[in-house]
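Presented below is the structure to which this report refers.
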Amino acid sequence: MSHKQLPKEYYELLEELQATDFVLLELTLYLDTHPNDIDAIKQFNEFAKMRKQLKKKYEKEYGPLLQYGNSYSSYPWNWDDAPWPWQV
Amino acid sequence: MWVYEKKLQYPVKVSTCNPMLAKFLIEQYGGADGELAAALRYLNQRYTIPDKVVGLLTDIGTEEFAHLEMIATMIYKLTKDATSDQMKEAGLGAHYANHDRALFYQNAAGVPWTASYIAAKGDPIADLYEDIAAEEKARATYQWIIDLSDDPDLNDSLAFLREREIVHSQRFREAVEILKEERDKKKFY
Amino acid sequence: MYTNRKYYEPYISPFDPCKPIRMKSYSTPPNLYLGFQPPGLEQFSPREALKSGTLWKVFYDPYEKNKEG
């Protein structure tokens, strides 16, 4: 795994996930100070749903994003496979 | 508890092998207004602040760890293949003598990180004003590092981090307003 | 033209050793003028938001490299 170069598609999918997560993070901070903005909550829940699908797609190709049971594992255990985020 | 996510918050690219930039960037790793200090400052204040703003401190504190990882990534990429001669020329000879290419929580002048960078007064307004000031100081530090850097890809990531300081400052200012009045439910006595 | 970058002219002494910088400047980010964020402000698309570092356009504050002043 560690000698394998990641394909161009990896970087594209990663950026899509980063963009979706960024919207969720921004809405999280916003909602922390605007707890009654129903439109923002609707947008948050929509993006949370999209995020779930993106996570599934990403993990199928490139392995788990989270562990402690927040992602499934294939065999053998693949959580600690390189590359790590600072290496890509 | 915290759960680590195996991805960066924002893509970090470095276009030139210039370890001197790592020497400047370490200010935001282990400096007074750096990302480590920010994360620990906000997470530490949560225990003695009104419940209404604990969520915000938790979420911004957590984001600061994502920024710390971005800064670490920049430093890692700038130094991982640098020779000891290149490290020396970049002003990192003293760093190399002590740490090789290991990252160390210190500022750009080599002063180790200290808990005294983090104020914790226990007064909600004093602490939130401290946080607003910390965000403005971090924004300024990013500006000065962008001024020093000629790496366009690195500056792209630094501009992202600078912009985040602006948004955090906004949210902390809103937190002060929340503590000044019950915005959503008016109380009558 | 309105800008968030503010300028001032510092005092210059005939005995200043370096070539004087006649105009100094500093940023005043857009959030300083907003107050409590109102609902429904215009957003960037997710990709643009990531690139800009903010979901809401009102906070976007590109920084120009500034080597002097």
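Within every chain, numbering begins at 1; the chains are lettered A, B, ... in the order of the sequence lines, protein sequences first and strands thereafter. All values below come from the heavy atoms of this structure, side chains included, with hydrogens, waters and symmetry mates left out. Note that this is a predicted model, so its numbers are computed, not measured.
Contacts of C:S45 with chain A are absent, with no heavy-atom separation under 4.5 Å from either backbone or side chain. Only the side chain of A:D37 comes within less than 4.5 Å of a heavy atom in chain C; its backbone stays farther off. Using a 4.5 Å cut-off between heavy atoms, C:Q43 touches chain A through its side chain atoms alone.
A side-chain N or O of C:Y33 and one of C:T28 form a donor-acceptor pair less than 3.5 Å apart.
Among A:V23, A:L25, A:L29, the one residue that satisfies the side-chain contact (heavy atoms from CB on, under 4.5 Å) test with C:L55 is A:V23.
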query: Would A:K55 and A:E59 satisfy salt bridge (charged side-chain N to carboxylate O under 4.0 Å, His left out), going step by step from the backbone distance to the final call?
result: CA-CA 6 Å; A:K55 174 179 187 278; A:E59 291 186 324; 3.2 Å; yes
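Chosen from A:E26, A:E16, A:Q18, the residue pairing most often with chain C at heavy-atom distances under 4.5 Å is A:E26.
No salt bridge links C:R5 with C:E64; every basic N to acidic carboxylate O contact stays at or beyond 4.0 Å.
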